[in-house]
2 protein chains.
Amino acid sequence: MLKEERHQFILNEVRIHNRVLLTDIADLLNVSVDTVRRDIKELHSAEQLKKVHGGAISLGFNNYNPIGKKIYSLEKKSRIAEKALGLIKEGQVILLSGGTTNLELARRLPAKIKLTCFTPSLPIAVQLLTKTNVEVIFIGGRLSKDSQITVGGSAINMLSEIKVDICFLGTNSIHPIEGLTEFDWEIVQMKKAMIHSSRKVVSPCISEKIGSLQRYKICGVEEVDVLITELEPWDVKLDVFKNMNIQLM
Amino acid sequence: MLKEERHQFILNEVRIHNRVLLTDIADLLNVSVDTVRRDIKELHSAEQLKKVHGGAISLGFNNYNPIGKKIYSLEKKSRIAEKALGLIKEGQVILLSGGTTNLELARRLPAKIKLTCFTPSLPIAVQLLTKTNVEVIFIGGRLSKDSQITVGGSAINMLSEIKVDICFLGTNSIHPIEGLTEFDWEIVQMKKAMIHSSRKVVSPCISEKIGSLQRYKICGVEEVDVLITELEPWDVKLDVFKNMNIQLM
DNA sequence: ATAATAATTGCATTTTATTGCACGATATGC
DNA sequence: GCATATCGTGCAATAAAATGCAATTATTAT
């Protein structure tokens, strides 16, 4: 059995069960626990899951407590969130997609700021409950348990009825030629609808995700008005975007 | 069981009940109190909860409730939730309004049961994320920060498009003559819409609330099909309902 | 094709982490 | 103050992690 197959298998198990035990995987795949341990170690470094004593758990496992959600690459995401904050002005209407970077952004919103904020993300909505002057409007729909956002026709329908000033579009993969791509088809549909409902699209994106590709396309790079990364402006990774009509932060 | 799972479980309990007892957690998880104590110690250092003598409490929320009263009320609500569970059958479509009793109900749904569940309540949606076979459909709308449910035209509109088998209508006040009443006008509108979208209306209600009155009327007692309280069937408090067309549990 | 090199895997050993229990100290409720 | 419950600490048993090593399997170069 190929290592890659095992990795996929493990990730799949984690996706389904939110957790796996080393010994279970070793049994199921007929390999030693050491091998599985090494696999999980690698997937942990790749931030595909979280290694814990005895097994691994899904990164999005905090189904239980979105408020206390642990965030990976927190440093980078915090920097991005700080930058993104600068784009928000008192009284605006914004739209926050899901994702931990946007969760960080929500957490950092000044306590006194007056905003209207649409979101389909459960953790973000919970976070925003603490901001007394932010009017939160939740996009209804079927809850996707993986991503903890609502999806489906009802949600897209609700999105079609709004027009916001800025959309902060959490981004899994951004590629200079292929644009934004996503693993989950339903989320693709949601993100397309969000872009359509927004006057300005801002994409907060940690640098690891630049250049990567997923299965489905959301939109081209030209649809994004602002790209926020944790990098310094002169970083070579950003060169590919420099002659495009996109603002870099 | 993985340590991380215990931690999530404990945080979940804290999030829902605002407080937990070491001994309860130890019982529920079948581990020693020492282990739970250590878990809580770690979560305390991580500032995810506050460790107190005998257990732990939530960091941010309303800890103003006297501890003794809280658990008392919780026990009643748990009893009610247990009774309510009996009404739910595999494959049904249900609607859960907000409120802590319904949250208890959501928490107790069997892990394997297959259901479709509509709700406008943020805490309930979060809770239901853990039930893998429950399809959760969130009623979108403006989030009321007090009640943590969505309200307003958009939510009522979404409710108008559905018809569910059973609605569990968390009830603040039930009066034999005046019917169900509520303090908050927006919630009244939501509850009216929920009743309208349901074939059967079940009202879980702790006995303190029987006979009390609030500002606005939701509906008459005749609109409620089942009233669930923590009381025994022969309790005198229930007499007023006995010649009405309402099932008592 | 074949040899050299690198990667992968399983096993043995050592190190570390987790867990439950015992015991004395401390806090709580009456 | 007394009885009870909870806390903190140390300890031992167990489980899992890390490490080194040898055998096997892939990959590459010639």
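Since we're looking at a predicted model, the values are computed, not measured. These numbers come from the heavy atoms of this one structure, side chains and all, not from hydrogens, waters or symmetry mates.
Rounded to whole Å, the distance from CG on B:Asn30 to P on C:dT18 is 20 Å. Distance CD (A:Glu4) to P (C:dT9): 12 Å, rounded to an integer number of Å. Regarding B:Ile40, its CD1 atom lies at a distance of 17 Å from the P atom of C:dT18, rounded to whole Å. Spacing between atom NE2 of B:His7 and atom P of C:dT19 amounts to 8 Å, rounded to whole angstrom units. With rounding to whole Å, B:Lys3 atom NZ is found 9 Å from C:dA17 atom P.
Other residues, nucleotides and ligands contribute only 12 or fewer heavy atoms inside 6.0 Å of the CG atom of B:Asp146. Under a cut-off of 6.0 angstrom, the local environment of NZ in A:Lys83 is crowded, with over 12 non-hydrogen atoms contributed by other residues, nucleotides or ligands.
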Report all interatomic pairs (protein N or O, nucleotide N or O of nucleotides 6-11 of chain D) with separations under 3.5 Å.
from, atom 1, to, atom 2, distance (Å)
D:dT6, O3', B:Gly54, N, 3.2
D:dC7, OP1, B:Val52, O, 3.4
D:dC7, OP1, B:Gly54, N, 2.6
D:dC7, OP2, B:Arg37, NE, 3.1
D:dC7, OP2, B:Arg37, NH2, 2.9
D:dG8, OP2, B:Lys51, NZ, 3.2

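At a threshold of 4.0 angstrom between heavy atoms, the contacts of A:Val33 with the nucleic acid are absent.
A search for side chain to side chain contact (heavy atoms under 4.5 Å, CB included) contacts involving B:Ser97 returns B:Asn102, B:Leu169, B:Met194, not counting sequence neighbours.
Proximity of A:Ile228 to A:Glu82: side-chain heavy atoms (C-beta onward) are nowhere separated by under 4.5 Å.
Looking at A:Glu104 and A:Arg107, a side-chain N of the basic residue comes within less than 4.0 Å of a carboxylate O on the acidic one, giving a salt bridge. One finds no salt bridge joining A:Arg19 and B:Glu4 here, because no Lys/Arg side-chain nitrogen approaches an Asp/Glu carboxylate oxygen to under 4.0 Å.
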